[in-house]
Amino acid sequence: MPELPEVETVREGLERHAVGRTVEAARIVHPRAVRRDPRGPAGFEAAMAGRPFKKAERRGKYLWLTLDDGETLLAHLGMSGQLLIGDPDRPMSPHVRARFTFTDGGPDLRFTDQRTFGHLLLAPLTTDAVATPGEQPSPCMEGSRPPSPLAPGTPRCAPDGKDRHLIGRTDDAASADAAVSAGRAVPVPIAHIAPDPMEGAFDAAKFAARLRRKHTGVKRALLDQSLVSGVGNIYADEALWRAKLHWARPTETLRGPEVSRLLAAVTEVLGEALRAGGTSFDALYVNVNGESGYFDRSLNAYGREGEPCGRCGTPIRRDAFMNRSSYSCPHCQPRPRNAHL
DNA sequence: CGTCCTACCTGGAGGC
DNA sequence: TGCCTCCAGGTAGGAC
């Protein structure tokens, strides 16, 4: 499945092959692909026509293309999503959910997704009151509204600009905690997502403080995208293995050095995966094949039930966790007595 | 409000 | 061979 490194590879591909081009037409082949867009398929198609792709950005596993008027085309690849650029005349695969053609008549962009967990939507950018110098302030600047843009009745930054000024950062420090990060504008629907550990806006001290304030198991916390984004089941297990922490360890009992170890492990695991997964792809293909080279070589815990731990040789254990699996070393990561299951 | 649980979806694997 | 069940995963939104 596309993890953070694959999403970054896709972002780079889009930067290379889609940025600087203008959409001629968008076609939604499967309505579920835009289920989070309040415009619906027809409205989405209409709103995308003639829009330029100016920039390709990413936070965690979300990526977006910046359009004009402070709007973005936001994408999540879910479990099986791909964004492919290629010859516009090639046959349509059965899993194509959306297609974009360009005014230059060149390669088209297709969103394919077998399991349809992924989605696309048009969304305005939030802006931070303390935007970084040099960054263009978007029109959506004033007002103070919590980041729940898709709730029914919530005004959004509409393409016609009518309620554009209702969207912006919230000044409520508590709810803005994760939402607005050091000068970075992000699409409104993901304003509640915390920065991922690979971006400059990530605040290690804040992460540590918020983590220790929680009352849950440490793996649940790692998967909580409002605490830290970009960590999924695989990297959570890998980071916990490195940090020698059991997945059910109560967050409120974590000591300072353990939190530091954990964050270092998360950063290392993601960094290595990025370096391994962000490899080249050929000129007309935005690569997401779901297989990072990293997965084959470097997993120490995930998916390795019964195989010896790379540190101590004890067979890796698999536990049921949140309707899925957790892998850990019974020796290096002993279950705490007061586990948060 | 913080935490927890479930629906969503499809195709591949394995059981019988 | 074929059908059935299970499993994988991230997220939103509702329950508590």
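Residue numbers begin at 1 in each chain, while the letters A, B, ... track the order of the sequences.
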Ignoring hydrogens and geometry, is there a side-chain-to-backbone donor-acceptor pair from A:Arg261 to A:Ala243 under 3.5 Å?
yes
How is A:Ser80 classified with respect to the nucleic acid when contacts are heavy atoms under 4.0 Å: base, sugar-phosphate, or nothing?
nothing
Taking every heavy atom of A:Gly60 against every heavy atom of A:Asp196, the minimum-distance pair comes out as N-OD2, 2.8 Å
Is there a donor-acceptor pair closer than 3.5 Å between any side-chain N or O of A:Gln333 and the backbone N or O of A:Leu240?
yes
Could you state the atom-to-atom distance from CD of A:Gln225 to C1' of B:dG2 in whole Å?
17 Å
Under a 3.5 Å cutoff, is there a donor and acceptor pairing between the side chains of A:Ser80 and A:Asp113?
yes
Rounded to the nearest Å, what distance is computed from the CG atom of residue A:Leu223 to the C1' atom of nucleotide C:dA8?
14 Å
Would you mind reading off the distance between A:Met322 atom CE and B:dA7 atom C1', rounded to a whole angstrom?
14 Å
In whole angstrom, what separates A:Phe117's CZ from C:dC7's C1'?
12 Å
Euclidean distance, atom NE2 of residue A:His119 to atom P of B:dC8 [Å, nearest integer]:
17 Å
Over all strands shown, is A:His30 touching base, sugar-phosphate only, or nothing at heavy-atom distances under 4.0 angstrom?
nothing
Checking B:dC9, B:dC4, B:dT6 against the side chain of A:Arg115 (C-beta onward), the nearest is B:dC9
Among C:dC7, B:dC5, C:dA12, the nucleotide that comes nearest once only the side chain of A:Arg220 is considered
B:dC5
A:Arg324 atom CZ is separated from C:dA8 atom P, nearest whole Å, by 9 Å
Side-chain N or O of A:Gln114 versus OP1/OP2 of B:dC9: is the shortest distance under 4.0 Å?
no
Look at the side-chain N and O atoms of A:Tyr62 and state whether any lies under 4.0 Å from the OP1 or OP2 oxygen of C:dA12.
yes
With a 4.0 Å cut-off on heavy atoms, is A:Gly232 in touch with a base, just the backbone sugar-phosphate, or nothing at all?
sugar-phosphate
Side-chain N or O of A:Arg32 less than 4.0 angstrom from OP1 or OP2 on B:dC9?
yes
Could you work out which one of B:dG11, C:dA12, B:dC9 sits closest to the side chain of A:Arg36?
C:dA12
Return the 5'-most residue of the pair A:Ser325, A:His76 with respect to DNA chain C, ranking by each residue's nearest nucleotide.
A:Ser325
With A:Arg58, the salt bridge (Lys or Arg N to Asp or Glu O under 4.0 Å) member among A:Glu8, A:Glu15, A:Glu199
A:Glu8
Rounded to whole angstrom units, what separation is found between the CG atom of A:Asp224 and the C1' atom of B:dC5?
14 Å
Below 4.0 angstrom from OP1 or OP2 of B:dG11, is there any side-chain N or O of A:His95?
yes
Using a 4.0 Å heavy-atom cut-off, does A:Arg97 contact any base of the nucleic acid, only the sugar-phosphate backbone, or nothing at all?
nothing
Can any side-chain N or O of A:Thr267 pair as donor or acceptor with the backbone N or O of A:Leu263 at less than 3.5 Å?
yes
Between B:dT6, B:dC8, C:dA12, which nucleotide has the shortest distance from any of its atoms to the side chain of A:Asn323?
B:dT6
Using atom CD of A:Glu252 as one end and atom C1' of B:dG2 as the other, report the distance to the nearest whole Å.
12 Å
Under 4.0 angstrom, heavy atoms only, what part of the nucleic acid is A:His215 near: base, sugar-phosphate, or nothing?
sugar-phosphate
With respect to the phosphate group of B:dT3, does any side-chain polar atom (N or O) of A:Lys214 fall under 4.0 Å of OP1 or OP2?
yes
